[in-house]
Amino acid sequence: MLTPQRSVAEEPAPKKASEAVVTLAGGCFWCTEAVFERIEGVNDVVSGYIGGTDPKPNYEKVCSGRTGHAEAVEIYYDPSKRTYDELLKIFFKTHDPTTLNKQGHDEGTQYRSAIFYRSEAEKKAAEKYIEKLNESGDYSNPVVTTLEPATKFFPAEEYHQDYYRRNPNAGYCQAVVRNKVRKTNREFSDLLKKP
């Protein structure tokens with residue numbers, strides 16, 4: 001069952017004591033959102049923009065690559081059901097963290113792989129996770145995911161929210177998002193929300 005989305009006008013912040021938030025950028029936010037919406041313990045996922053200089057970013061400006069923003073998602077989760085490390089594992093398994101400013105055919109700094117940390121503890125955990133990945137030999141190239149302090153997050157326009165769920169037959173969803181969802185279902189079947 002899908003939970004109601006936060007209004008894009010709301011200031012992103014945990015709404016209850018049992019909720020935490022993590023901000024991740026792994027290419028197109030439609031893909032990242034579709035992956036994390038399926039995970040048990042995730043209460044909500046909001047697509048948006050972070051890490052740039054424009055005070056009023058929108059999709060057109062961010063797509064130009066000139067604002068410095070990344071397409072990202074804020075993931076609101078229950079830390080008693082899902083850990084930060086588990087979210088990182090899903091994140092790294094469902095995009096290519098070894099390509100600089102590129103995911104598939106999407107190119108530019110707006111598609112960079114990035115973790116926007118809110119504390120030194122989050123930063124250290126992400127550094128440790130990346131170090132472990134680089135030592136594992138799972139990738140033929142080093143992980144280039146950036147660790148950036150979380151700045152103001154701007155929710156994307158309403159039509160970007162729940163994009164895959166609302167537009168499963170759109171060309172990009174058929175060609176790209178669906179494959180990421182299938183991989184998530186296959187790799188993380190034990191972490192999926194129950195129907």
Side-chain angles (χ1 to χ4, degrees), residues 2-15 21-39 42-77 87 90-92 94-118 143-184:
L2 292 171
T3 55
Q5 289 291 311
R6 294 173 204 285
S7 163
V8 293
E10 289 180 39
E11 185 66 27
K15 298 300 179 195
V21 62
V22 61
T23 307
L24 304 173
C28 173
F29 48 32
W30 297 342
C31 293
T32 314
E33 178 190 66
V35 163
F36 283 98
E37 282 183 335
R38 329 186 76 63
I39 303 300
V42 170
N43 302 327
D44 199 4
V45 184
V46 178
S47 291
Y49 317 111
I50 191 170
T53 56
D54 192 301
K56 293 185 179 179
N58 61 39
Y59 190 63
E60 186 177 325
K61 288 184 196 177
V62 172
C63 282
S64 76
R66 292 192 292 264
T67 69
H69 289 90
E71 284 193 18
V73 295
E74 289 214 319
I75 302 164
Y76 295 83
Y77 69 101
L87 296 176
I90 295 164
F91 173 66
F92 283 110
T94 55
H95 83 292
D96 184 351
T98 69
T99 54
L100 186 62
N101 302 326
K102 180 176 172 28
Q103 288 297 307
H105 293 294
D106 295 329
E107 291 189 51
T109 57
Q110 68 271 30
Y111 300 115
R112 68 187 177 269
S113 174
I115 297 169
F116 294 89
Y117 61 88
R118 287 182 170 70
V143 171
V144 295
T145 303
T146 60
L147 301 180
E148 303 176 38
T151 55
K152 182 172 174 56
F153 180 84
F154 298 88
E157 297 81 351
E158 184 62 38
Y159 71 93
H160 290 297
Q161 308 304 326
D162 295 314
Y163 193 84
Y164 179 67
R165 184 174 57 81
R166 292 178 179 180
N167 304 281
N169 297 318
Y172 189 89
C173 291
Q174 291 282 310
V176 181
V177 185
R178 185 185 340 176
N179 292 331
K180 293 201 180 237
V181 167
R182 284 179 175 162
K183 182 173 187 177
T184 304

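None of these values were measured; they are calculated from a predicted model.
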What is the minimum heavy-atom distance between [X] and [Y], and which atoms define it?
X	Y	value
Phe116	Ala25	CE1-CB, 4.0 Å
Thr151	Gly51	OG1-N, 3.3 Å
Tyr49	Glu157	OH-OE1, 2.6 Å
Gln103	Lys180	OE1-NZ, 4.2 Å
Val143	Phe92	CG1-CE2, 4.0 Å
Thr184	Thr94	OG1-CG2, 3.5 Å

So does Glu74 pair up with Arg118, basic N to acidic O under 4.0 Å? yes
Would you say the side chain of [Y] lies within less than 4.5 Å of the side chain of [X], judging by non-hydrogen atoms?
X	Y	answer
Cys31	Tyr163	no
Leu87	Val42	yes
Asp106	Tyr172	yes
Phe36	Leu24	yes
Asp54	Val62	no
His160	Trp30	yes
Val46	Gln161	yes
Ser113	His95	yes

Any donor and acceptor pair, going by atom type alone, linking the side chain of Glu71 with main-chain N or O of Phe29 inside 3.5 Å? yes
Donor-acceptor contact below 3.5 Å, side chain Glu37 vs main chain Asp162: no
Using 30° and 60° as the class limits, which term best fits the ring planes of Tyr159 and Tyr59: parallel, tilted or perpendicular? perpendicular
To the nearest 0.5 Å, how far apart are [atom1] in [X] and [atom2] in [Y]?
X	Y	atom1	atom2	value
Ile50	Phe154	CD1	CZ	9.0 Å
Glu33	Arg165	CD	CZ	8.5 Å
Tyr164	Arg38	OH	CZ	6.5 Å
Thr146	Ile115	OG1	CD1	8.0 Å
Thr145	Leu100	OG1	CG	10.0 Å
Gln110	Cys28	CD	SG	10.5 Å

